[in-house]
Amino acid sequence: MPELPEVEAVCRRLRKQALGAEIAAFQAQRPSVASPQTPDDIARATDGARLRAVRRRGKNILIDLTGGSTLRVHLRMTGDLYVIPDVRFRPVTARAWFELSDGRALIFDDSRALGKIHAYPTPEIENVLGHLGIEPLSKAFRPETLIDAARKSHKPVKLLLMDQTIIAGLGNIYAAEALFHAGIDPRLPANRIRAARLRRLHAEIVRVLRTAVQSASIAYMSPGRFSEAESFPLAVYDREGENCGICGRRIRRIPQGGRSTYFCPGCQR
DNA sequence: AGTCACCTGATT
DNA sequence: AATCAGGTGACT
């Protein structure tokens with residue numbers, strides 16, 4: 001589910017459904033959702049507050065509240081955040097929820113229970129997220145940004161792309177997809193890739209993410225729970241053994257940084 | 001720079 | 001029973 005495009009889609013849906021809503025109560029089915037903070041910390045920051053704005057920074061969802069607090073929600077691997085008409089309809093995988101004054105509920109649904117909700121004074125958010133790198137869909141993300149970062153790193157370029165302190169929001173799927181479309185072998189040390197190819201990679205990162213945001217926003221906004229997070233075809237991700245749509249060679253899967261990287265040995269060199 | 005722990009559920 | 005999963009931070 002959630003890399004930058006899916007998180008962005010959740011933010012858009014939240015704005016549509018819950019901006020202005022008032023929080024009546026916070027409940028944590030699993031206290032660790034707030035760790036190292038406590039459910040009481042979250043309740044204190046949110047009781048009686050209204051949702052003022054919903055922002056995204058990398059894969060973080062930021063909910064600014066009246067009263068001066070901001071919630072930071074991280075979906076990690078399996079999290080989702082959505083509004084339902086009545087808290088009694090929540091799924092068993094609801095790890096925490098906010099009861100809204102209008103009777104609805106904002107559900108933090110997370111089957112794997114790795115996601116987090118934290119509360120901070122709004123101005124502190126800058127420091128909390130200060131380690132994050134550039135937003136890849138912002139104007140500030142230039143080819144030179146990538147070229148400079150690559151020059152300083154000898155790790156495999158796929159791991160560079162997934163480093164949140166360099167680019168905020170790229171994850172395993174879209175890093176692999178961008179590298180495929182740029183024709184770059186994910187194993188290449190970043191500092192051994194020529195500037196011209198990094199320019200191409202920059203363009204493909206932006207293109208892949210924009211496409212995915214569009215797709216995810218439509219998928220998440222349609223009524224009911226999303227089940228197919230990716231409704232547009234991925235070129236290499238999760239396609240080990242299939243034939244590449246461009247050159248026909250078998251797509252490979254290799255471990256990188258403890259996770260799977262998919263790539264086409266014909267197209268990516 | 002690489003490995004592991006955090007969790008649950010789906011798949012092999 | 002074993003392996004894998006789109007993330008991240010804390011270890012070695």
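Lettering of chains follows the sequences in order, A, B, ..., and the numbering in each one begins at 1. Everything numeric in this text was worked out from a predicted model, so none of it was measured.
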Asker: Could you state the atom-to-atom distance from CD1 of A/I167 to C1' of C/dT8 in whole Å?
Answerer: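 For the pair A/I167 CD1 and C/dT8 C1', the rounded distance is 17 Å.
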Asker: Please state the C1' separation for the pair C/dG9 and B/dG9 - nearest whole angstrom.
Answerer: 23 Å
Asker: In terms of relative ring orientation, are A/F232 and A/Y174 parallel, tilted or perpendicular, with 30° and 60° separating the classes?
Answerer: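 Judged by the thresholds at 30° and 60°, the geometry between A/F232 and A/Y174 is parallel.
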Asker: Please determine, for the side chain of A/H131, which listed nucleotide (C/dA5, C/dG7, C/dG9) has the closest atom?
Answerer: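 The listed nucleotide nearest to A/H131's side chain is C/dG9.
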Asker: Rounded to the nearest angstrom, tell me the gap between atom CD in A/E3 and atom P in C/dA5.
Answerer: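 Rounded to whole Å, this separation is 13 Å.
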Asker: Report yes if a side-chain nitrogen or oxygen of A/H74 is closer than 4.0 Å to either non-bridging phosphate oxygen (OP1 or OP2) of C/dG7; otherwise report no.
Answerer: no
Asker: Donor-acceptor check, side chain of A/T46 to backbone of A/I42, threshold 3.5 angstrom: yes or no?
Answerer: yes
Asker: Would you kindly give the NZ-to-P distance between A/K155 and B/dT3, to the nearest whole Å?
Answerer: 14 Å
Asker: Between C/dT8, B/dA1, C/dG6, which nucleotide gets closest to the side-chain atoms of A/H154?
Answerer: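 Among C/dT8, B/dA1, C/dG6, the one nearest the side chain of A/H154 is B/dA1.
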Asker: Roughly how many Å is it from OH in A/Y262 to P in C/dG6, rounded to a whole number?
Answerer: 7 Å
Asker: Considering only NZ, NE, NH1 and NH2 on the basic side and carboxylate oxygens on the acidic side, decide whether A/D64 and A/R55 come within less than 4.0 Å.
Answerer: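 Yes, charged N to carboxylate O under 4.0 Å.
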Asker: Rounding to an integer number of angstrom, what distance separates C/dC4 and B/dC4 when you compare their P atoms?
Answerer: 13 Å
Asker: Exactly one of A/K158, A/E3, A/E177 should register a side-chain hydrogen bond (donor to acceptor under 3.5 Å, both in side chains) with A/N172. Which one does?
Answerer: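 Looking at A/K158, A/E3, A/E177, the match for A/N172 under the side-chain hydrogen bond (donor to acceptor under 3.5 Å, both in side chains) is A/K158.
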Asker: Can you give me the dot-bracket string for DNA chain B, 5' to 3', counting Watson-Crick and G-U wobble pairs with both distances under 3.5 Å, using [ ] for crossing pairs and | for partners on another strand?
Answerer: ||||||.|||||
Asker: Taking the P atom of each, how far is C/dT3 from B/dA5, in whole Å?
Answerer: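 To the nearest whole Å, 15 Å.
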Asker: Counting only N and O atoms by type, is there a donor-acceptor contact under 3.5 Å from the side chain of A/Q164 to the main-chain atoms of A/G169?
Answerer: yes
Asker: Does A/G171 reach a base, just sugar-phosphate, or nothing at all? Heavy atoms under 4.0 Å.
Answerer: sugar-phosphate
Asker: Could you tell me how far B/dT3 sits from C/dA5 if I compare only their P atoms? Round to whole Å.
Answerer: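 15 Å, rounded to whole Å.
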Asker: Identify whether the distance between the nearest side-chain nitrogen and carboxylate oxygen of A/K155 and A/D163 falls below 4.0 Å.
Answerer: yes
Asker: So, A/Y120 and A/R72: side-chain donor and acceptor under 3.5 Å apart, yes or no?
Answerer: yes
Asker: OP1 or OP2 of C/dG6 less than 4.0 angstrom from a side-chain nitrogen or oxygen of A/Y174, does that happen here?
Answerer: no
Asker: Considering only the P atoms, how many Å lie between B/dA10 and C/dT8, rounded to the nearest integer?
Answerer: 23 Å
Asker: By the 4.0 Å heavy-atom rule, please label A/K116 as base, sugar-phosphate, or nothing.
Answerer: nothing
Asker: Examine C/dG7: is either OP1 or OP2 under 4.0 Å from a nitrogen or oxygen in the side chain of A/Q164? Give yes or no.
Answerer: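 No, no such contact exists.
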Asker: Check the side chains of A/R50 and A/T66 for a donor-acceptor pair under 3.5 angstrom, ignoring hydrogens and angles.
Answerer: no
Asker: Output yes when at least one side-chain N/O atom of A/R253 is less than 4.0 Å from OP1 or OP2 of C/dA5, else no.
Answerer: yes
Asker: Around A/R250, counting heavy atoms of other residues, nucleotides and ligands shown, do more than 12 lie under 6.0 Å from its CZ?
Answerer: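 Not buried by this count: 12 neighbours or fewer within 6.0 Å.
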Asker: How would you summarise protein contacts on nucleotides 5-12 of chain B per nucleotide, using B for base, S for sugar-phosphate only and - for none, with heavy-atom distances below 4.0 Å?
Answerer: -BBB----
